[in-house]
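Worksheet: one structure, shown below.
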Number of protein chains: 2
Amino acid sequence: MERLPKRQRHQQLSKLLDENPFLTDRELTRQLKVSIQTIRLDRLELAIPELRERLKLMAERSYDSVRSLPLHEVIGDILDLQLDKSGISLFEISAEHVFSRSGIARGHHVFAQANSLAVAVINDEIALTASADIRFIRPARLGEKCIAKAYVRASGEQKGKAKVEVFTYVGEEMVFQGNFIIYRSAGESKT
Amino acid sequence: MERLPKRQRHQQLSKLLDENPFLTDRELTRQLKVSIQTIRLDRLELAIPELRERLKLMAERSYDSVRSLPLHEVIGDILDLQLDKSGISLFEISAEHVFSRSGIARGHHVFAQANSLAVAVINDEIALTASADIRFIRPARLGEKCIAKAYVRASGEQKGKAKVEVFTYVGEEMVFQGNFIIYRSAGESKT
DNA sequence: TAACCTTTAATACCAGGTGCCAATAATGGT
DNA sequence: ACCATTATTGGCACCTGGTATTAAAGGTTA
């Protein structure tokens with residue numbers, strides 16, 4: 001034993017199941033070349049539930065996410081969210097977001113991050129983008145982490161419209177700026 | 001037997017599983033007061049798969065909707081393209097593009113179609129969105145086919161900037177309108 | 001009465017596991 | 001060289017939530 005193989009295998013196993021959670025133990029034995037018992041011990045140690053439990057968990061998540069916050073409908077990861085006030089999200093530019101020749105992000109991805117943050121920050125059942133005025137200040141490039149900050153300037157609970165300003169930065173540099181007008185269904189509600 | 005109970009039961013069964021797809025046959029027998037065999041015959045007739053299959057289907061749906069979230073290269077199919085003049089693209093709103101509650105398309109997908117068309121219509125090596133002024137005129141809904149039409153208003157081969165106007169329609173109705181300023185690398189090039 | 005439909009029952013079988021125990025490796029420490 | 005520990009494998013019983021099939025009991029109806 002090289003003291004390592006087990007941990008390496010654990011990492012591989014986690015990675016495999018991360019990429020494809022639909023694998024049975026039997027299929028894992030083929031990929032990792034160990035017995036099915038070992039796979040099961042590994043899952044035990046790593047606290048990875050059996051296939052059926054995994055599927056059930058996924059089904060449950062998707063089922064009650066229908067009635068929960070639209071957080072995972074957001075492009076980028078929400079780092080901070082103060083409803084009707086401000087929000088921050090992180091979005092890393094990866095290969096599928098850029099023009100292959102130049103390595104520069106396509107504008108609509110940067111926009112998507114800002115737009116979905118602007119919608120998420122509005123504390124309302126239904127929030128839709130009505131219009132926007134946007135500027136791409138400098139290109140965002142492959143591998144860069146974009147931090148978008150959204151500020152609600154006029155929440156307009158009565159008027160049915162809210163104004164949200166979004167600034168996206170890579171490090172210290174601003175790459176994008178946008179003013180969004182968001183339709184909101186009514187006054188605040190929910191939770 | 002009252003000749004009806006069966007159909008009534010079928011309706012009830014469908015309704016129960018619609019409200020809570022996580023019910024086992026055994027739990028259904030309690031609610032419907034018939035034997036488990038009857039439940040299974042009912043599911044057969046109604047073509048309702050077993051619990052595990054239902055969970056798997058839900059898991060799969062939620063799984064590849066997560067995977068398809070990242071927007072791809074060009075959004076929509078280019079139907080017509082006259083470089084430096086005009087272009088038309090078609091984009092059909094499908095389940096992964098809408099808010100699940102309302103069935104309304106997220107703004108950034110509609111934007112993405114317009115933006116990628118505006119970039120595609122510019123006849124240059126490198127074309128990037130510099131800024132845009134956009135309006136979402138009415139929401140686009142699940143299943144609707146969006147036709148975006150882009151017109152180059154000022155190609156600005158010297159100035160390094162081009163102005164492109166995009167209108168998106170569903171049938172006769174306009175759903176989106178945008179004015180894009182696109183950076184272009186130099187004069188025209190390419191074929 | 002026979003023919004039929006609906007419901008229930010009984011049995012064999014399956015996938016994808018858990019839980020447990022025992023038998024081997026393989027590895028280190030001394 | 002020996003022992004203890006850890007890692008891996010095997011085997012078996014059992015569980016859940018089913019499928020598939022065959023059979024039987026009950027009411028309905030022509």
Side-chain angles (χ1 to χ4, degrees), chain A residues 1-68 72, chain B residues 1-68 95-96 100:
Chain A
M1 210 150 310
E2 298 134 32
R3 199 66 189 169
L4 287 169
K6 189 173 176 183
R7 286 187 188 160
Q8 281 182 349
R9 195 182 58 236
H10 281 187
Q11 287 195 323
Q12 261 202 298
L13 195 151
S14 306
K15 192 181 152 199
L16 281 171
L17 286 181
D18 207 53
E19 285 165 2
N20 181 5
F22 299 86
L23 294 171
T24 64
D25 289 356
R26 208 159 239 90
E27 282 163 332
L28 287 167
T29 63
R30 282 180 219 134
Q31 311 229 9
L32 297 178
K33 311 282 185 194
V34 288
S35 74
I36 202 161
Q37 288 83 352
T38 304
I39 297 289
R40 285 166 182 170
L41 287 173
D42 287 354
R43 275 199 300 100
L44 248 180
E45 288 189 64
L46 296 170
I48 297 173
E50 63 171 291
L51 170 65
R52 286 157 176 171
E53 282 305 308
R54 296 197 300 270
L55 297 185
K56 193 178 174 188
L57 283 171
M58 293 172 71
E60 277 167 352
R61 272 210 314 274
S62 82
Y63 190 69
D64 50 42
S65 77
V66 170
R67 47 185 68 212
S68 79
H72 81 288
Chain B
M1 213 144 307
E2 298 135 32
R3 197 68 186 167
L4 286 169
K6 189 173 175 182
R7 285 186 189 162
Q8 282 182 348
R9 196 182 56 237
H10 281 189
Q11 286 195 322
Q12 262 202 298
L13 195 152
S14 305
K15 191 182 153 198
L16 281 170
L17 286 181
D18 206 52
E19 284 166 2
N20 181 3
F22 298 86
L23 294 172
T24 64
D25 288 356
R26 206 158 243 95
E27 282 164 331
L28 288 166
T29 64
R30 282 180 220 135
Q31 311 228 9
L32 297 177
K33 311 282 186 193
V34 287
S35 75
I36 201 160
Q37 288 82 354
T38 304
I39 297 290
R40 286 169 179 169
L41 284 173
D42 287 354
R43 274 200 300 101
L44 249 180
E45 288 189 64
L46 295 171
I48 296 172
E50 62 171 289
L51 171 65
R52 286 157 176 171
E53 282 304 309
R54 295 197 300 269
L55 296 184
K56 193 176 172 188
L57 282 171
M58 294 171 70
E60 277 169 351
R61 273 209 312 273
S62 81
Y63 189 69
D64 45 49
S65 83
V66 166
R67 306 228 111 182
S68 68
E96 67 265 32
S100 42

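Within every chain, numbering begins at 1; the chains are lettered A, B, ... in the order of the sequence lines, protein sequences first and strands thereafter. As a basis for the values below, the full set of heavy atoms in this structure was taken, side chains included, without hydrogen atoms, waters or symmetry mates.
Distances were taken from every side-chain heavy atom of A:Lys6 (C-beta onward) to each of D:dT19, D:dT9, D:dT8; the shortest belongs to D:dT8. Of the candidates D:dT9, D:dG18, C:dT18, the closest approach to any side-chain atom of A:Leu41 belongs to D:dT9.
A:Glu27 places its CD atom 14 Å from the C1' atom of C:dG17, with the value rounded to the nearest Å. Between A:Arg40 atom CZ and D:dG10 atom P the separation is 12 Å, expressed in whole Å. Atom CD in B:Glu53 sits roughly 11 Å away from atom C1' in D:dT19 (whole-Å rounding). One atom, CG of B:Leu32, and another, P of C:dT6, lie 17 Å apart when rounded to the nearest Å. In this structure, CG of B:Leu51 is placed 14 Å from C1' of D:dT19, rounded to the nearest angstrom. Atom CZ in B:Arg26 sits about 12 Å away from atom P in C:dA9, given to the nearest Å. The interatomic distance linking B:Glu50 (CD) with C:dC14 (P) rounds to 15 Å, in whole Å. Put simply, NZ on B:Lys56 is 8 Å from P on C:dG16, counting in whole angstrom units.
Between A:Ser14 and A:Leu46 the shortest heavy-atom distance is OG-CD1, 3.8 Å. A:Ser35 approaches A:Thr29 most closely through the heavy-atom pair C-CG2, 3.9 Å.
Using a cutoff of 4.0 Å between basic side-chain nitrogens and carboxylate oxygens, B:Glu45 and B:Lys6 are scored as salt-bridged.
One finds a side-chain N or O of B:Arg9 lying less than 4.0 angstrom from the OP1 or OP2 phosphate oxygen of C:dT7. Between A:Thr38 and D:dT9, a side-chain N or O to OP1/OP2 separation shorter than 4.0 Å is present. Dashed line: the shortest gap from a side-chain N or O of A:Ser35 to OP1 or OP2 of D:dT9 is under 4.0 Å.
Residue side chain A:Gln37 reaches the base of D:dG10 through a donor-acceptor N/O pair under 3.5 Å, judged by distance alone.
Heavy-atom distances to DNA chain D give each of B:Arg52 and B:Leu44 a nearest nucleotide, and the one nearer the 5′ end belongs to B:Arg52.
Only one option out of A:Arg52, A:Arg43, A:Arg54, A:Arg30 pairs with A:Asp25 in a salt bridge (charged side-chain N to carboxylate O under 4.0 Å, His left out); it is A:Arg43.
As judged by a 4.0 angstrom heavy-atom cut-off over every strand, B:Ile36 is placed among residues making no nucleic acid contact. Looking at heavy-atom distances under 4.0 Å, A:Arg54 makes no contact with the nucleic acid at all.
The distance from the CG atom of A:Leu51 to the NZ atom of A:Lys56 is 13.5 Å, given to the nearest 0.5 Å.
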